[in-house]
2 protein chains.
Amino acid sequence: MEDTSNKARARRRPRAQNAPPAGEAMFLGANKKGSASEVVRRKLREDIISLKLVPGTLINENRLTEQFGVSRTPVREAIQRLAEEKLVEVVPKSGTYVGRIPLSSLPEAIIARSALEAAMVRRAAQVATGSQITTLKALLEQQQEAQIASDRNAFHYADDLFHTHITRIAGYPGIWELILQVRVQIDRYRRLTLPQEGRMQRVVEEHAAIIAGIEQGNADLAAQNMTNHLMQLRIDLETFHDLRPEYFIHDLDLKNLDPTPN
Amino acid sequence: MEDTSNKARARRRPRAQNAPPAGEAMFLGANKKGSASEVVRRKLREDIISLKLVPGTLINENRLTEQFGVSRTPVREAIQRLAEEKLVEVVPKSGTYVGRIPLSSLPEAIIARSALEAAMVRRAAQVATGSQITTLKALLEQQQEAQIASDRNAFHYADDLFHTHITRIAGYPGIWELILQVRVQIDRYRRLTLPQEGRMQRVVEEHAAIIAGIEQGNADLAAQNMTNHLMQLRIDLETFHDLRPEYFIHDLDLKNLDPTPN
DNA sequence: TATACATAACATGTATACATCTAATATAAG
DNA sequence: CTTATATTAGATGTATACATGTTATGTATA
């Protein structure tokens, strides 16, 4: 065995240095729950968005550590990602808090959402098939039933499905993700406010108008109706000051308070 | 000293349990560079966006560790945040890579950007002051000079300033952040492509049209001109297939290739 | 030569100890 | 009693060792 030197020789395995993740480690559904970091992130995010954790609440890494039965490392990684989403605020050597809602971001979020969804419905009006329009009508009926039953949860659920389906018709899933991101703070805010009288009925009517625009293949009309619809959210925002001030970052420039009158 | 028991008594200091970060640890410029994690994050992000690190490149945590002279912890936290931005891809127990550009995201990004900037310029047309419009004209001249000098860098710099200033006029800084985010993948893509002949001249003309719309206070016209301008980016995207395929995620649904004809 | 399998290097994931800074409390001074 | 200062609990920031999985490589086999 003159080749034993082979074993002694340092076997360097230079990993592919400039290769895409091509290997594609996972093929299908391999990642059921994912890493501990992912589990923590998902749960925390859910609790923050659902307002189970109210804005401004102190997040204690050690508490989460024992709560999830993992070490601080995955907890911190989850927090880093949520901080990137502005869902938590990290104050360097002091504390980590559930992200407060920046009041200044709300009018902007409404405008951005409006612009994006208007573009989506414009596209939808151009490409929607008959069955897709019928589905929209079904969702509208579902929403109306929820309104009659005064079931707010069901109403908002149907509302979500309605908007989701329009963007699905448009065929730009990435933009839908963007819309969801923009909506996060709006949705958190809305969970804090009391429902307005008669709003559900108005929403149903506005949705009907949007469907009409799509059905006529009139992109401009559909977009205009969508914009009108989403701009109704504006009025909600004038009741800021009353509610729990500690839930918000009061960075609102008052001169900007009235977003776009038309 | 009958009160020595005081010292022995466990002094629990229950930190504010439901308080906003109110204390505001830092007041002004306290965070010059920030934590090690921040330094790594900033540098990595810059290198990725500037394409100094090409898409698909293997990122080795250990290499970064010795490169920055810090431990893996801050390196990983930086990577987590960049992963949230889709600027890096982490393959669980395999490797971390510089984020490739998802081809499917490019048409969507153009549409989203167009919708957002159209909304911005619409607002700008309503509120722009004379001096703000004059500044826009100055930026346009600056851009034209760069075009004449065939200075691409200066041209793109002036281009950026032009769009930035419009959103500044509109007064929605948060939406500008959103636009920047949407633009990231587009900008990375554009750095990979060769300039098109005559494009700079056309851009200058389109910008002039946008200014005209603003100057007339004609929101619809300004928005239309902005949309036309940004939709020109569309034609660039049909040269995907040629360039380095390893830089991209080829998830493009071909039937969607033609975004919005009008 | 081509294929299947075993092995180990090397990547990321996690746990834990320590460093550092903040801020609440105790203490002293006015 | 009010204010200023010192102290220290407790939070996040960082370093490091270990766990776990992936994947290149070596080896045996057909």
Side-chain angles (χ1 to χ4, degrees), chain A residues 1 3-17 19 21-27 30-31 33-41 57-66 68-81 83 88-97, chain B residues 1 3-17 19 21-27 30-31 33-41 57-66 68-81 83 88-97:
Chain A
M1 295 194 171
D3 240 344
T4 46
S5 62
N6 245 343
K7 278 156 74 179
R9 202 185 310 171
R11 315 180 191 154
R12 306 224 55 156
R13 184 176 57 95
R15 212 135 165 180
Q17 291 233 347
E24 298 308 331
M26 78 316 188
F27 29 103
N31 46 357
K33 281 193 168 182
S35 57
S37 152
E38 262 301 298
V39 173
V40 175
R41 178 187 173 283
T57 304
L58 176 66
I59 294 179
N60 193 305
E61 291 181 359
N62 294 313
R63 192 173 54 78
L64 292 180
T65 276
E66 53 192 42
F68 284 96
V70 297
S71 80
R72 274 183 63 207
T73 307
V75 169
R76 294 203 92 230
E77 304 207 333
I79 288 175
Q80 290 296 321
R81 295 186 88 119
V88 309
E89 299 174 59
V90 179
V91 184
K93 291 285 180 57
S94 172
T96 304
Y97 303 84
Chain B
M1 297 212 178
D3 241 346
T4 47
S5 60
N6 246 344
K7 275 155 75 177
R9 201 186 313 171
R11 313 176 191 158
R12 306 227 56 160
R13 184 176 56 95
R15 211 136 166 180
Q17 291 236 346
E24 299 308 331
M26 76 317 189
F27 29 102
N31 45 357
K33 281 192 167 183
S35 57
S37 152
E38 261 302 297
V39 173
V40 175
R41 179 185 174 284
T57 304
L58 177 67
I59 294 179
N60 193 305
E61 291 181 358
N62 294 314
R63 192 174 55 78
L64 292 179
T65 276
E66 53 192 42
F68 284 95
V70 299
S71 79
R72 274 184 64 208
T73 308
V75 169
R76 294 203 92 230
E77 304 207 332
I79 289 175
Q80 290 296 322
R81 293 186 89 119
V88 308
E89 301 175 55
V90 179
V91 183
K93 291 284 179 61
S94 171
T96 303
Y97 303 85

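For clarity, every value in this text was computed on a predicted model and none was experimentally measured. Residue numbers start from 1 in every chain, and the chains themselves are labelled A, B, ... in the order their sequence lines are given, proteins ahead of strands.
Closest to the A:N60 side chain, of the nucleotides C:dA11, D:dA11, D:dT14, is D:dA11. With D:dT23, D:dT12, C:dA15 as the candidates, the nucleotide lying closest to the side chain of B:S94 is D:dT23. If you check D:dT14, D:dA11, C:dT12 against the side chain of B:S37, the one that comes closest is D:dT14. Closest to the side chain of A:K93, out of C:dA15, C:dC21, C:dT12, is C:dC21. Taking only side-chain atoms of B:S71, from C-beta outward, the nucleotide of C:dA15, D:dA15, C:dA11 with the closest atom is D:dA15. Taking only side-chain atoms of A:P74, from C-beta outward, the nucleotide of D:dT12, C:dT14, C:dT22 with the closest atom is C:dT14. Side-chain proximity of A:S35 to the nucleotides D:dT12, C:dT14, C:dA11 is greatest for C:dT14.
In this structure, A:E89 atom CD and D:dT12 atom C1' are separated by 15 Å, rounded to whole Å. Atom CZ of A:R72 and atom P of D:dT12 are 7 Å apart (whole Å). The distance from atom OH of B:Y97 to atom P of C:dA11 is 10 Å, rounded to the nearest whole Å. Taking atom CG of residue A:L64 and atom C1' of nucleotide D:dT12, one finds them 13 Å apart after rounding to whole Å. In this structure, the CG atom of A:L58 is 11 Å from the P atom of C:dA24, given to the nearest Å. Atom CD in A:E38 sits about 20 Å away from atom P in D:dT20, given to the nearest Å. Taking atom CG of B:N62 as the reference point, atom P of C:dC10 lies 11 Å away to the nearest angstrom. Here D:dT12 presents its C1' atom at 15 Å from CD of A:E77, a figure rounded to the nearest Å.
In terms of position on DNA chain D, the residue among A:E61 and A:T73 whose nearest nucleotide sits closer to the 5' end is A:E61.
Figure legend. D:dA15 is base-paired to C:dT16; pairs are counted as Watson-Crick or G-U wobble with both atom distances under 3.5 Å.
When each of B:E77, B:E66, B:E61 is paired with B:R72, the salt bridge (charged side-chain N to carboxylate O under 4.0 Å, His left out) condition holds for B:E61 and for no other.
Rounding to the nearest 0.5 Å gives a distance of 6.0 Å between CD of A:E38 and CZ of A:R81. Atom CD1 of A:I59 is separated from atom CD1 of A:I79 by 5.5 Å, given to the nearest 0.5 angstrom. Note that OG of B:S35 is 8.5 Å distant from NZ of A:K93, once rounded to the nearest 0.5 Å.
In this structure, A:I59 reaches the sugar-phosphate backbone alone: every heavy-atom distance under 4.0 Å involves primed, P, OP1 or OP2 atoms, never a base.
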